[in-house]
Each structure stands twice: as structure tokens, then as C-alpha cells.
Amino acid sequence: MGKLKTGEQLVNHQLNAAENQFQQLLQTLIDHTPSAVYSRNCTGQYLFANKYYLDLFELTWDEVKGKTDFDLFPKEIAEVFRKNDLDVIKAGKPVQSEELAPQKDGLHTYFSVKFPLLDHSGQVYAICGISTDITEAKRAQALIADQEAKMVIASKLSSLGEMAGGVAHEINNPLAVIKTLSSQLQEIVVENPLDTLLVKEITSKIEKTTDRIARIVQGLRSFSRDGSNDPFSAVNVHQLIEETLSFCNERFKYLGVRVSIEDFKKDLSLEGRATELSQVLLNLLNNANDAIMDLKEKWIKISVSNKKDWVEIQVTDSGKGIPLDIQRKIFQPFFTTKEIGKGTGLGLSISSGIIQSYRGELKIDHKSPNTCFIIRLPKTQKSEHFKAVS
Ligand SMILES: Nc1ncnc2c1ncn2[C@@H]1O[C@H](COP(=O)(O)OP(=O)(O)O)[C@@H](O)[C@H]1O
Ligand SMILES: [Mg+2]
């Protein structure tokens, strides 16, 4: 016959049961977690490894118990594991790292969090680690980065394509000027060979006009190259606008679009990459041009606001704004309202990616009665990268 339990015995019994249940809960969690969980002492000998770990490396606990990573893995891999363990022991606090471990199909990448186990006196007596396989996520990340890089190129090529017709205009005009000046020169040589002043004036005009063509060609060359790895440098805002406009000025003139730049400080500059900023601006100008093509009133206005730590470049066109249902989608990749072959729908999504990477913002100005896009950029980047090259 069992004796009845006292109140104290009953409480103890319940506490023991709760502790056992908790132990069981922990054991179940550790056994079923889809990560390798392990513990090693300060000399690197295994104190514990969960089922996932043992299955992963096709080992039994008897093969792992008391061994070190140097007994289980190739030397160069074990050295990294050991170094990371020592970092935790030295720091006395959790350390995160990415580690490589061999699998049947090659090396896998693991995201590892290792933390120290402390004894009563606060000394580290072991480390415990949780390592999760992130190989697939890394692969997907690399694929996305690769696709993004390809999208940037596609969008650039499409901007270049849009410009191609325009460039003919940009270059044809100065060529016509050179042709006229050369015929004048030929006439002078025949009729008035001694008028050196006039000859000088005409040749200097020819020189200036060839410089203009050279600038356009140079601009195109630097625009089409991949500048995404260029170091950040001081970009003069006025020059940026002028150089970008030099790709499309003549085309706008031909299409009857009036382009104006509101006056602002000529020496205003910001830290960035000129090719990327030019790509953003050019897309805004091309978009504006496409939007107003069929309007009676065709103008594009560029204005610049110089704020304390920020520069805002506004591109406004004579359109009356973008309908709300379209506005919601314009920054999404591949959204376009243009016919096939004309738009890629990548311009604004890539542009806002570029501007965001500068910690800036590309947005629509909802207060403007006309369609207005604002590029808001910090004047300085303060990034490690910038510091390293400046
Ligand atoms: N200034 C603008 N006025 C009206 N709609 C615009 C303007 N800028 C952009 N959009 C809209 O945003 C869409 C996406 O632009 P973008 O990403 O540059 O791609 P794409 O120019 O190839 O269409 C355009 O197709 C157009 O519908
Ligand atoms: Mg576009």
C-alpha cells in the first residue's frame, strides 16, 4: 500500500516532474533543430553533438566523443573552427561567423553562433555552437546579385538605345557648323588671304565645335562603361547636369522640348559616382520626354535645392502628374506603360536602387502640379569605402 505524500513531498515531486519535462523538451528541441548543435571544451574536445551534427558528418557519438576537429576534418578546415572557438574563449561572449564544412557534394557554408559556457567563477570552461547551413541562401543571394548586375546593364543599354537616335542629332549639328566654317575659310583663303584675324576667329570656332563633339563622345564612352565599382568622388552637380544634357539637348530641340535649368550654386558638389548619377538623371529626362511627347506644351525643368547636408535635384515636366494606380507600380522592376521595344521598365527601379545605395531617396513630388521627380542625396557618404579612397 503506498503511503499518502506530504504537501512538501508533493511539491518536490511536481518540481522534479517539471524539471524532467523541461529536460525532455530541451532534448527534443536540440534533437530536432535543423542545425548542428555542439559543445567543445577549451582544448577543443567534443562534449556534445546533436543528432543533426552526427547525421551531417555520418559519424556516431562514440566516434566524436573526446575528439577534436583536427581528428575529424581536414587540417585547414579544423584550423578555422579552432580559431573561431579561441575567439569566443578570448572574447568571453558570443561570436558569429561564417564557416565552411565539407559535405558529400562539396563545401557548404554555415552561419555559426558560438557562445562561451562559464563556470561559477566566470571562467570559460567550454564553448557551445549552433551552425546552420546557408549554402542555398548564399547561392540564391549570388544569383540575385548577378541578375541585378545584368539588369543594370540591360537598362543602360536601353538608355543608350534611346539615345542612339538623339546622338546623331547631337553630333550632326556641330558637324554642320564645322562644314560651314570650313567653306567660309576656303573662301577667305581665295578672296582675302591676309585677313589673319578672321581666319583665327573661324579656326577657333572650329576648334570649339570639335571639342563639343569630343565631349559628347567622351561622355558616351564614360556613360557606357560599368562605373559601379568606381570609387566615390566629389561630383559637381552643375557639370553632371550639363554633361547628361549634352546627350539629349539636340534631340529635345528637334522634338520641340524646351529644357531649362534653374540657377543654382555652380560649385555645389556631392559624393558619388558620376556615371551612376548620370544614368539616373538621363532616365528621368528620357521618361519626361516620353511622357510629354504628345502634349502641346513640351518642357522639362531641372532645379537644384541646396539643403544643409542634402542636395535635391528636381526634374519636372509639363505632364500633369502620374495616375495613382500607375504611381504605385513605377518603381517595380519591369513595370512599363511603353510599347514593346521602347521601355524595359527597369529605369526607375535601378535608379532608386542606386540612389538608395547612396542613402538617398528617389521619389515623386506630390505637391507639384506637374509631374516632378526628386533625387534627394546626402552631400557626403561617410562610408568606409569613401574614407578609404578619399
Ligand atoms: N515623367 C513621367 N511622366 C509620366 N509617367 C512616367 C514618368 N516617368 C516614369 N513614368 C512611368 O513609369 C514607368 C516606368 O519607368 P521606367 O522604370 O523608367 O521604365 P521605362 O521608361 O522603360 O518604361 C513608365 O513606363 C511610365 O509609365
Ligand atoms: Mg525609363
Side-chain angles (χ1 to χ4, degrees), residues 144 147-167 219-220 223-224 227-228 240-241 244-245 247-249 251-252 255-262 275-304 312-358 360-377:
I144 291 171
Q147 293 296 336
E148 275 176 2
K150 286 197 180 118
M151 267 166 51
V152 174
I153 295 170
S155 148
K156 252 190 175 174
L157 287 179
S158 122
S159 305
L160 275 175
E162 278 175 55
M163 281 196 302
V167 168
L220 276 178
F223 182 85
S224 50
S228 58
L240 173 79
I241 297 173
T244 309
L245 274 176
F247 300 140
C248 36
N249 255 332
R251 178 164 52 119
F252 288 155
L255 294 170
V257 178
R258 265 186 301 120
V259 182
S260 60
I261 309 175
E262 269 188 11
T275 39
E276 286 184 340
L277 292 173
S278 179
Q279 183 181 2
V280 173
L281 194 57
L282 185 70
N283 182 56
L284 291 185
L285 291 169
N286 280 337
N287 281 352
N289 178 57
D290 292 340
I292 59 177
M293 217 48 289
D294 297 327
L295 301 184
K296 224 168 89 200
E297 205 188 326
K298 297 197 248 294
W299 53 258
I300 299 173
K301 190 178 75 188
I302 302 171
S303 49
V304 176
E312 282 186 4
I313 305 175
Q314 282 114 1
V315 179
T316 314
D317 63 59
S318 50
K320 289 282 179 251
I322 304 172
L324 268 181
D325 56 324
I326 292 188
Q327 256 187 49
R328 264 183 240 121
K329 300 181 217 155
I330 58 171
F331 290 101
Q332 292 170 6
F334 302 110
F335 175 79
T336 180
T337 52
K338 296 169 194 174
E339 63 204 63
I340 296 172
K342 184 138 180 49
T344 57
L346 288 174
L348 286 176
S349 83
I350 287 173
S351 298
S352 68
I354 292 175
I355 299 301
Q356 274 166 26
S357 76
Y358 289 39
E361 218 184 334
L362 175 62
K363 54 185 181 181
I364 296 176
D365 181 2
H366 295 282
K367 285 185 233 112
S368 164
N370 290 94
T371 317
C372 173
F373 281 83
I374 304 182
I375 309 171
R376 180 172 150 82
L377 285 165

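Both ligands and their constituent atoms are indexed starting at 1 by order of listing.
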Judging by distance only, is a nitrogen or oxygen of [X] under 3.5 angstrom from one on ligand 1?
X: Thr336; answer: yes
X: Ser349; answer: no
X: Thr371; answer: no

Please determine if the Mg ion (ligand 2) has an N/O/S atom from Asn287 lying under 2.8 Å away. yes
Closer than 2.8 Å to the Mg ion (ligand 2): does that hold for any N, O or S atom in Asn283? yes
Atom [atom1] of [X] and atom [atom2] of [Y]: how far apart are they, to the nearest 0.5 Å?
X: Asn287; Y: Ile300; atom1: CG; atom2: CD1; value: 10.0 Å
X: Leu284; Y: Gln279; atom1: CG; atom2: CD; value: 11.0 Å
X: Glu361; Y: Ile375; atom1: CD; atom2: CD1; value: 12.0 Å
X: Leu348; Y: Gln332; atom1: CG; atom2: CD; value: 11.5 Å

Might you point out which heavy atoms bring Ser278 and Leu240 nearest each other, and give the distance in Å? N-CD1, 3.7 Å
Check each of [options] against [atom] and report the one with the nearest heavy atom.
atom: atom 3 (N) of ligand 1; options: Ser351, Ser352, Ala291, Ser318; result: Ala291
atom: atom 24 (C) of ligand 1; options: Ile300, Leu348, Leu346, Thr337; result: Thr337
atom: atom 8 (N) of ligand 1; options: Ile326, Asn287, Ile364; result: Asn287

For Asn283, which part has a heavy atom under 4.0 Å from ligand 1: side chain, backbone, both, or neither? side chain
Side chain, backbone, both or neither: Asp317 near ligand 1, heavy atoms under 4.0 Å: side chain
Non-hydrogen atom of Phe373 closer than 4.0 Å to ligand 1: yes
Is the closest heavy atom of Gly345 to ligand 1 under 4.0 Å? yes
Just wondering, do Leu362 and Ile354 contact through their side chains at under 4.5 Å, heavy atoms? no
Indicate yes or no: at least one non-hydrogen side-chain atom of Val259 is less than 4.5 angstrom from one of Trp299. no
Counting only pairs under 3.5 Å, give me each side-chain donor-acceptor contact of residues 319-330, with atom names and distances, residues two or more places apart or in other chains.
from, atom 1, to, atom 2, distance (Å)
Gln327, NE2, Ile322, O, 2.9

